[in-house]
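In the text below, chain A, chain B and the rest are named by the order of the sequence lines, each starting its count at 1. Below, each value reflects all heavy atoms present in this structure, side chains not excepted, and no hydrogens, waters or symmetry copies.
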Amino acid sequence: MGFFTTRSEKRWARGRRVMEIRRKAPALDVKRCNEMACEVCTLANEKIQSPQMKPSGSNHPRIYILGEAPGAWEDQDGIQFVGRSGQYLRKQFPSQVRKTLRFNNCVRCRPPDNRTPSPLEVECCRQSILKDIEKTKPEVVLGVGDVALRWMTGQTGIKHWCGRYIPIRVGKHACWFMPILHPAFVLRARNGSDREWLSTEWADVFESHCAKVVRDLFTERLELPDPEDLEHLYDGIEIIECDRRGLKRLRKRLQAFDAKAPLIPVAIDLETHHLRPYHSDSVVLTFSLSDGTNTIAVPLDHPGAMWDKASRKEVLRLLEAWLHGPCIKIAHNALFEMEWLAELFGLDILRSCSWDDTMVQAYILDERKGNMGLDSLTLQYFGFNLKAQSDIDRNKLRETPLDKVLRYNGLDSRYTARLDGKQRGRLDAEGSMGDYRFHMKRLPSIVHAQALGLPIDQREVRKYDNLFIHEIEKAKAGIKGLKEVKQFEAEVGPFNPASTTQLTKLIVNYIHKGQQIERKDHNRKSKYSTDKVTLALLKHPIARYILRLREMSKLHGTYISNLLPGGSYLYPDGCIHTEFHTTFTATRRLSSDNPNVQNFPMHKHAEVRSVVVTPPGCVLVSGDYGQIEARVIAMASKDKVLLKALWERYDIHMDWARRIERVCPSVFTPYRDEAETKEKAWDSFRSVVKNKWVFPTFYGSFCERLARNLDIPIRKAQGLYDEFWDMFNGVRKWQDRLLAFYDKHLYVETLTGHRRHAPLSRNMIFNSPVQGTASDIVVDAGDRVSEAAETDDKPWLQWRLNIHDDLTFAVPKDKVEDALVDIVPTMVILPFKWVIAPISVDISIGPNWYNKKKIGTFSSDEL
DNA sequence: TCCAACTGCGCG
DNA sequence: AAAGCGCGCAGTTGGA
């Protein structure tokens, strides 16, 4: 059965669904299936006890439960949802509600061996089910599992869609569709028969969604939706022509928008060539503005745009003036629009007007991945699939006829504006408006950082390019020379050392000699592992070569080759312009890509960082928050011991390093033997204890795992573990409070009020508030420093890099002292009332990202 | 040929 | 039954 497949991002437009069906079964004719139904259905010939099973339950249902297909029990009884999972589903509804249920399946005949019904079978049944829904007029259709979700909406990814209301129209009847998890999946997850070990979490989610529907229908009086009428999608969209009249209409429309400002916000959407404005041929092709009712779509630099030079300039001038005007601007992913507009009109566009962002709104309301695209959201709020409305290839907009681009552009901005209205209402209702505003504050400084970028030193890049290629070749040659590899190549074919499957075959079939490469952690699917830890135990020269090859390839492929001229991360200005996202992580951290600066080597091969340099005459100044997550744990839990340790500068990691050494001296021996001095030995042991004992324990690691981490006997670890929680019992109590809060609300909150929703495992419940709060502290500080960059006209106060707990600035050499006076206090003195621990930053300075020297630690209680 | 899943590995 | 959390990217594999 296919109900738990997770095809997260894939979107199934209606047309695409048909294509998909055709591709799977070239002979399949959807129209014919719909018309001929059972006459062409492959299930018609199967031996079935209850063929074409009639829907069961109420004839005037309030809730219509739509499953995938009958199973064995259902086929035997001739009634839907009577098997084990069916009973579990029925149990979710109180007895008076049960009388209002009607049951049906997407496919009415049982497919042999409960296989997933084929597209043809699904299409053959479709009309009969649609007719039944239309006839019986339910208020909510509960789509059970992935198949029903796809059947009704064309979407996949039930885990991302479950629990959302989607307006639908079935014939003349309009109602809600809510996908829910399949009870069979929930039950199996609970029994833990496969890797879905998030057991009761999924059951909680499933049960809460059922309960939500019952509550909304029987106590809250859910109103029926009014899905958008596809006939009127393009209403009020005005295409501006490239002539005097067009210019006049543009001016008039902008004035009309301004007349209603700031009451009525206006959406802005740009269509561009390239996703970033830093390429030599990056241009804005068209733009569109809409208040949801009136929309204009304006050509700009699309090849089909026929503005004369003066008129084009006037269009830009009008747009710029309007941007600085009183209207509140909405965008879907405002970072994108802001970045392009900053490139067109200068950086002061970022803070000179107020921005709203429908993607951020969606993220605040529900951070689940894959559903923040405008097309998913229009489906959810308006009941139609936006992308399916136009057959446009987003990657080829420059080659697409102008009028087509404009219509598409207009539709996007129109629905961005309308979406803003809907989501704003929900943010208010859920009490999340404050969180949303807090989130929006960070956008200008992020765009500013992206626009400034950072210069790359090509000499360094070339140096590492040569070095790594040389090392890669050396390792490859070493591998080729091994006799087992020669044997493998003679018998099987060329050996690719980068292929884990080939490497496994080589080891198992040619090297073996009783050596084990079985996977120890069962979080992965494959039986064998060739990762670093496993290979390190392999007593054969291939292990050393492979690890060296991987080490060098990783460095070269991920950090160096894309920075060479022509590499995808290097722009014509010689800089990288890393993109920071605010809506990708589940915890509110920023994520970074193109290139991801958050995973550049920091420990082994940190010297690679020297490719990132500063503009001429500047140095890099970094402020690193010290132990920020520990401080957040202390502030959230108010644990007396932890707070005291922070105020008195007591080093709890070293404390635990010593405690562990006392109980189990042998774990320290290797550190003592390896280090030059005793002090250095303790230093490195301390950092191991920090990362393998203290933090994992705070984040929910159990004793067995900790013992394995440090390689100490479980009996001794147990004593230490108990001692740890005895000492920090305030943290333990706080964790219990978090669990109770989650049980009640099905979400947890950061100290800044940001929510992360179910399903959450026990450890995510502990971790999310900490990680999210720590990130908010850092990003907010970056934003406040950056604001000073603008108001005090000190451009060097705009941060360039944010890596979870640090902010890095490029400061002119003669302004460093001055900059620190601004940066340090802003970073350590936090404007939140829950701050009850001292906050500290380490400042380091240097000519590039690698060669930095720590100049001091500054703490809030010393300033 | 393209896409998604998987493995492995870098960072906090 | 078993459990630290959070990311993004490169490269391979296998299915459509």
Side-chain angles (χ1 to χ4, degrees), chain A residues 5-10 19-20 23-26 156 189-201 369 496-504 519 521-526 528-535 546-547 550-551 553-559 561-562 568-569 578-581 584-606 608-609 624-625 627-629 691-706 709 735 756 760-772 774-775 778 802-806:
Chain A
T5 47
T6 52
R7 305 265 146 70
S8 52
E9 310 297 334
K10 210 165 154 191
M19 276 170 54
E20 185 77 15
R23 210 175 59 209
K24 277 186 180 151
T156 58
R190 181 135 71 178
N191 295 337
S193 64
D194 65 8
R195 300 191 313 129
E196 296 287 352
W197 51 264
L198 285 174
S199 51
T200 58
E201 287 84 356
K369 264 209 169 100
N496 178 0
S499 157
T500 51
T501 34
Q502 286 187 28
L503 181 59
T504 303
R519 189 175 288 285
D521 99 70
H522 298 283
N523 240 348
R524 306 260 182 167
K525 277 187 174 163
S526 58
Y528 295 108
S529 167
T530 64
D531 67 12
K532 216 159 48 172
V533 178
T534 312
L535 285 188
I546 293 282
L547 290 178
R550 280 192 196 153
E551 188 182 3
S553 306
K554 169 84 177 173
L555 291 166
H556 186 253
T558 306
Y559 308 112
S561 65
N562 281 321
S568 59
Y569 298 154
T578 288
E579 237 179 319
F580 292 94
H581 298 280
F584 283 10
T585 66
T587 55
R588 184 67 158 281
R589 273 185 167 181
L590 300 189
S591 68
S592 139
D593 60 14
N594 297 305
N596 178 3
V597 287
Q598 294 176 336
N599 70 351
F600 258 69
M602 180 57 185
H603 308 123
K604 206 174 181 194
H605 304 297
V608 168
R609 289 189 171 207
D624 241 74
Y625 280 92
Q627 308 198 43
I628 188 70
E629 293 200 350
N691 291 320
K692 295 195 169 176
W693 177 271
V694 178
F695 278 118
T697 315
F698 278 141
Y699 291 137
S701 225
F702 284 99
C703 189
E704 291 77 4
R705 177 61 176 258
L706 295 164
N709 277 353
Q735 291 184 339
R756 184 175 178 192
L760 299 178
S761 69
R762 167 182 171 277
N763 292 331
M764 292 167 172
I765 292 168
F766 297 159
N767 178 276
S768 305
V770 181
Q771 211 182 89
S775 171
V778 183
N802 167 313
I803 298 169
H804 306 306
D805 66 355
D806 86 26

- Task: Could you check how far CG of A:Leu706 sits from P of C:dA3, rounded to whole Å?
- Result: 12 Å

- Query: Partners of A:Ser592 by side chain to side chain donor-acceptor pair (under 3.5 Å), sequence neighbours excluded?
  - Reply: A:Asn596

- Grab the CG-P distance between A:Leu555 and C:dG11 for me, whole Å please. 12 Å

- Message: Closest approach to the side chain of A:Thr530, judged atom by atom: which nucleotide of C:dG8, B:dG8, C:dT12 is it?
- Response: B:dG8

- Message: With a cut-off of less than 4.0 Å, is there a side-chain N or O of A:His603 near OP1 or OP2 of B:dG12?
- Response: yes

- Query: NA contact type, A:Phe698, heavy-atom cut-off 4.0 Å: base, sugar-phosphate, or nothing?
  - Reply: nothing

- Item | Any A:Thr500 side-chain N or O less than 4.0 Å from OP1/OP2 of C:dT12 | no

- Residue A:Met764, side-chain heavy atoms: nucleotide from C:dG11, B:dG12, C:dC5 that is nearest: C:dC5

- Taking only side-chain nitrogens and oxygens of A:Arg756, does any of them come within less than 4.0 Å of OP1 or OP2 of C:dG6? yes

- Message: Once you apply a heavy-atom cut-off of 4.0 Å, does A:Asn594 come out as touching a base, just sugar-phosphate, or nothing?
- Response: sugar-phosphate

- Note on the structure: Closest of C:dG8, B:dG10, C:dG6 to the A:Pro601 side chain is B:dG10

- Hey, does the side chain of A:Lys604 come within less than 4.0 Å of B:dC11's phosphate (OP1/OP2), counting only N and O? no

- Message: In whole Å, I'd like the distance from the CD atom of A:Gln502 to the P atom of B:dT7.
- Response: 16 Å

- Note on the structure: Quick note, A:Thr501 side chain, CB onward, closest among B:dC11, C:dT13, C:dG6 is C:dT13

- Query: What is the nucleic acid contact for A:Tyr569, judged by heavy atoms within less than 4.0 Å: base, sugar-phosphate only, or nothing?
  - Reply: sugar-phosphate

- Would you tell me if any nitrogen or oxygen in the side chain of A:Thr587 comes within less than 4.0 Å of OP1 or OP2 on C:dG6? no

- Have a look at A:Asp806 and say if it touches a base, only the backbone sugar-phosphate, or nothing, with a 4.0 Å heavy-atom cut-off. nothing

- Item | Between C:dC5 (C1') and A:Trp693 (CH2): distance, integer Å | 18 Å

- Message: Starting the side chain at C-beta, find the nucleotide from B:dC11, C:dA10, C:dT13 nearest to A:Thr558.
- Response: C:dA10

- Item | Gap between atom NZ of A:Lys532 and atom CD1 of A:Ile546 - 0.5 Å precision | 14.5 Å

- Item | Nearest-neighbour nucleotide for the A:Ser761 side chain, B:dG8, B:dG10, C:dC5 considered | C:dC5

- Note on the structure: Ranking B:dC9, C:dT13, C:dG6 by distance to the side chain of A:His804, first place goes to C:dG6

- Heavy-atom donor-acceptor pair, A:Gln771 side-chain to C:dC5 base, under 3.5 Å: yes

- Could you check which of C:dC7, C:dT12, B:dC9 has an atom nearest any side-chain atom of A:Leu547? B:dC9

- Message: Base, sugar-phosphate or nothing for A:Ala586? Non-hydrogen atoms, less than 4.0 Å.
- Response: sugar-phosphate

- For A:Ser592, report the nucleic acid contact type (base, sugar-phosphate, nothing); a contact means any heavy atom under 4.0 Å. sugar-phosphate

- Stem list, DNA chain C (Watson-Crick or G-U pairing under 3.5 Å, at least 3 consecutive pairs): B:1-12 with C:5-16

- Reckon A:Phe695 touches a base, only the sugar-phosphate, or nothing at all at heavy-atom distances under 4.0 Å? nothing

- A:Asn562 side chain N/O closer than 4.0 Å to the phosphate oxygens (OP1, OP2) of C:dA10? yes

- Item | Distance below 4.0 Å between A:Asn599 side-chain N/O and B:dG12 OP1 or OP2 | no

- Message: Would you say A:Arg550 places a side-chain N or O within less than 4.0 Å of OP1 or OP2 belonging to B:dC9?
- Response: yes

- Query: In whole angstroms, how far is the P atom of B:dG8 from the CD1 atom of A:Ile546?
  - Reply: 12 Å

- C:dG6 C1' sits how many Å from A:Leu760 CG, rounded? 13 Å

- Note on the structure: Which of B:dG10, B:dG12, C:dG6 is nearest the side chain of A:Ile803? It is B:dG12

- Between atom CG in A:Asp805 and atom P in B:dG12, what is the gap in whole Å? 8 Å

- Message: Looking at A:Ser768, I'd like to know whether one of its side-chain N or O atoms comes within less than 4.0 Å of OP1 or OP2 on C:dC5.
- Response: no

- Task: Take the protein atom CD of A:Gln598 and the nucleotide atom P of B:dG10, then report the distance between them rounded to whole Å.
- Result: 17 Å

- Query: Does the separation of the ring centres of A:Phe698 and A:Phe766 fall below 6.0 angstrom?
  - Reply: no

